[in-house]
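Model, not experiment: these values are computed from the prediction. Any value given below was found using the heavy atoms of this structure, including those in side chains, with hydrogens, waters and symmetry copies removed.
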Amino acid sequence: MSMAKGARSPLTVVVIYPDLLGTYGDGGNGLVLARRAKWRGLDVSLVQAPSDRPVPRGDIYCIGGGEDGPQVRAASTLIADGTLTRAVEDGAVILGVCAGFQLLGREFPDAADRPHDGLGLLDVTTRKGTDLRAVGELVATVEPDAPRDPDGSALPALTGFENHGGVTTIGPGASPLARVITGVGNGGGDGTEGAWSGRVIGTYLHGPVLARNVALADLLLGWALVSRGERLPLVWLEDGEENALRAERLAMAGTVKLSARLRHVPRPRR
Amino acid sequence: MTGPHPPATRRLPFRPSVAVKVASGINRLSRLLGRGSGTVIGGRAGLAVDPMLLAVLAKDRDVALVSGTNGKTTTTGMLVAALSEPDSVGVATNITGANMPAGHVAALIGTRPVGTVVLEVDEAYLGRLIEDTHPQVVVLLNLSRDQLDRISEVRMLVDRWRSALGRLDPVGHGGSRTVVVANADDPMVVWAASTAPEVRWVGVGQVWHDDAVGCPACGARIVFEASGSWNCDHCGFGRPERFAWLEGDVLVLADGRRFPVVIGLPGQFNRANAAMVAVAAPEFAGTHCQPPVSITTAVERLSKLHEVAGRFSTVQRKGRDIRLLLAKNPAGWTAIFDLLGESGDPTSPVVLSINARVADGFDTSWLWDVPFERLIGRAVVATGERCRDLAVRLRYAEVDHRVVPDVLEAVDMAIGNAGRLSVASASIPVEFLGNYTAFAQLRSRL
């Protein structure tokens, strides 16, 4: 959103519906963004937005993973609220993870495989896979035409943990974010992981994804600053602990034990 | 010991008797080879020979099952203590924390074929255990997110519990009924247990509400009131009429009786576990081998219990006390942080140890749901096989910390660190907080 200079509000990071979509630790994405902005001396505000209130205005929205029932409720509440759709038109940044990725798309299934409307902010459609669930470490290389660092360099490989039963196909209006090296990802057989379009990114990666991939966090921060007409580039941060974690996870993902696998999980009786 | 003495031996039919011999033989062999106590592997072999072995072994016993996300092992230990008569052969239990059927078989092999049994049950196996053991009492503590890559999401589990408890026979097996003792303050537990024919609802509180905001009955919103009561804003599902509840450290019964819950284990969540046990223990009255236990007797016995399977115990290393605490998931860690504030020294150094093996769950994302911010101001050492994940989490919590991958070196670092803070601090204990296998790892190396 373009805000008049001089009357500047803090950079606002909004975690959407932690009460419904806070199951998988993805609220950490909001914390990573807020801290990395703060450490650079930016005025930043981290807002937890519960599902019983209107969605506040923000520069970056993080939507996390959750269970099937709460996901359906979150999607219908967000559609009725309308703020996210308007925010994207105004240039806001959105990161959706797992259930949050699926509900950004056109359609996603509930536990009984009934389709539900998503927000339609990403041209992706999710259906139920088989009775198998993708559970495990995932490594994926970012696609060459995917968003790049402000200096033009490609993002490093993505690492994370996936845990989902959905198969997501990407339509012509969106592009794959990354290509799977180990793991399952979108699961449609094309080897893709996640999707993006404009400033909206969806991924299956938990970890949380921005803690495991701080370059992606900085990319989102950069987008938000550009959108606000603020200064770039971002000040460099010494990410010793983040890099040590990345190195360990990338090395471990190559081993059989931790590589992602499809696991049989019995469906709940209804 | 009061009551009739049941026969101490009973002939098993052919197949289960072979299964028992195989299991005991493997256990002996495993011990001889130094591969540990061999309990689970023996149990597994026994079940391979006779899949119904657990049902056969449990047939003439009075069984209590304890399940839930947090507090299973401790509550099982408490119920054993509450039901144990002085100078008696004791209560059979799977106190090693081997809480799946192979561990249950192992707990029953080699003990008397009659008598009282208290079993800790992994949440995912509750239905099977109910079917196999026809329990007198089922204690249901709480349900929240845990090991999402293994156990599955909370609502899937709730559905499975609900159908298992709905299949309980109202008159019970052999004329004795099953009483479910369930936490009235956890909507997930209430939804699961409300299908059971006989429930004692106990209000013991629930620190973690974040997995219960969506109503398990209709998907609308559960509203939690300051009083501790709760109800759905749409379908009317709400807290049931309570049989008893905790007011601070007093257990209040709906009939007006009040029992102080002064116990040996620290923390409000252990008083909650004790309240569940105090209600559960008397439900054995009238069973054929358990002498009746009153609420007063149960609580009195719990006052003498100071650790369960090493949890909450204090060990000495290099002249310093180290308190050993275990927490496995966000709700458990939150409760342990409450305990640190309640019973510890605010300047105690803290060692945090995280592993991500099968028993812990491979996904460490849950660390971001744990309020590590509450450790700001303490000397913190991060260790364990996933100390890198922990270190990043602590960095974003802005908690000063050192990373020492080896757990013993980490403890020693904490001992040394604290010593430099001030002269007096050498007497302040070190708090060790580990998740499941990290806790076991430290215990085996101390």
Side-chain angles (χ1 to χ4, degrees), chain A residues 17-20 22-32 34-36 38-39 50-52 64-74 111 133 135-137 160-163 205-209 211-212 214 239-242 244-249 257-258 263 265-270, chain B residues 124 127 144-145 148-160 162-164 166 209-223 233 330 356-358 361-370 373 382 385-398 401 403 405:
Chain A
Y17 299 173
D19 50 342
L20 296 176
T23 311
Y24 286 91
D26 300 314
N29 290 322
L31 184 65
V32 169
R35 286 286 182 270
R36 296 182 72 77
K38 177 187 153 189
W39 293 338
S51 63
D52 59 347
E67 302 179 40
D68 292 326
Q71 179 189 18
V72 171
R73 187 172 168 78
R133 215 174 149 84
V135 184
E137 289 282 331
F161 194 96
E162 62 179 334
N163 186 355
L205 298 183
H206 304 291
V209 61
R212 292 258 199 118
V214 287
D239 292 319
E241 291 184 320
E242 290 88 337
L245 172 62
R246 275 183 67 76
E248 180 195 278
R249 289 297 98 205
K257 200 175 156 199
L258 278 176
R263 260 195 29 189
V265 176
R267 292 267 186 87
R269 288 194 202 105
R270 297 250 159 201
Chain B
S144 66
R145 66 190 68 168
L148 292 164
D149 58 324
R150 183 180 75 81
I151 294 181
S152 80
E153 295 168 352
V154 174
R155 280 166 186 76
M156 298 186 200
L157 204 55
V158 169
D159 285 342
R160 275 149 69 186
R162 188 172 161 82
S163 63
H209 290 153
D210 292 8
D211 293 305
V213 173
C215 173
C218 76
R221 191 178 180 81
I222 300 275
V223 180
D233 66 4
R357 299 187 180 194
V358 182
F362 292 130
D363 183 8
T364 55
S365 302
W366 60 270
L367 290 172
W368 293 76
D369 289 330
V370 176
E373 287 78 1
E385 291 161 4
R386 298 302 290 271
C387 59
R388 305 285 169 206
D389 297 73
L390 184 57
V392 172
R393 173 68 187 97
L394 293 171
R395 170 165 148 85
Y396 285 86
E398 300 190 313
H401 62 277
V403 181

Can you name the nearest heavy-atom pair linking A391(B) to E241(A), along with the distance?
O-OE1, 3.5 Å
Applying side-chain contact (heavy atoms from CB on, under 4.5 Å), name anything that partners E385(B), two or more places apart in sequence or on another chain.
N355(B), R357(B), Q441(B)
Audit row: D239(A), R395(B), side-chain contact (heavy atoms from CB on, under 4.5 Å) steps and yes/no
CA-CA 10 Å; D239(A) 292 319; R395(B) 170 165 148 85; 3.3 Å; yes
Does any backbone or side-chain atom of V214(A) lie under 4.5 Å from a heavy atom of chain B? Answer side chain, backbone, both or neither.
side chain
To the nearest 0.5 Å, atom CG of D363(B) lies from atom CD of E162(A) at 10.5 Å
Roughly how far apart are E248(A) CD and C387(B) SG, rounded to 0.5 Å?
7.0 Å
All heavy atoms of D369(B) vs all of T23(A), minimum pair found to be OD2-O, 3.9 Å
Side-chain (R35(A)) to main-chain (Y396(B)) donor-acceptor, under 3.5 angstrom
yes
For W368(B) and G207(A) the tightest heavy-atom approach is NE1-O, 3.9 Å
Separation between CZ of R393(B) and CG of L31(A), rounded to the nearest 0.5 Å:
6.0 Å
Do D389(B) and R212(A) touch side chain to side chain, with heavy atoms closer than 4.5 Å?
yes
Could you tell me whether the side chain of E67(A) and the main chain of R155(B) form a donor-acceptor pair under 3.5 Å?
yes
Do R221(B) and R73(A) have side chains that approach each other closer than 4.5 Å (heavy atoms only, starting at C-beta)?
yes
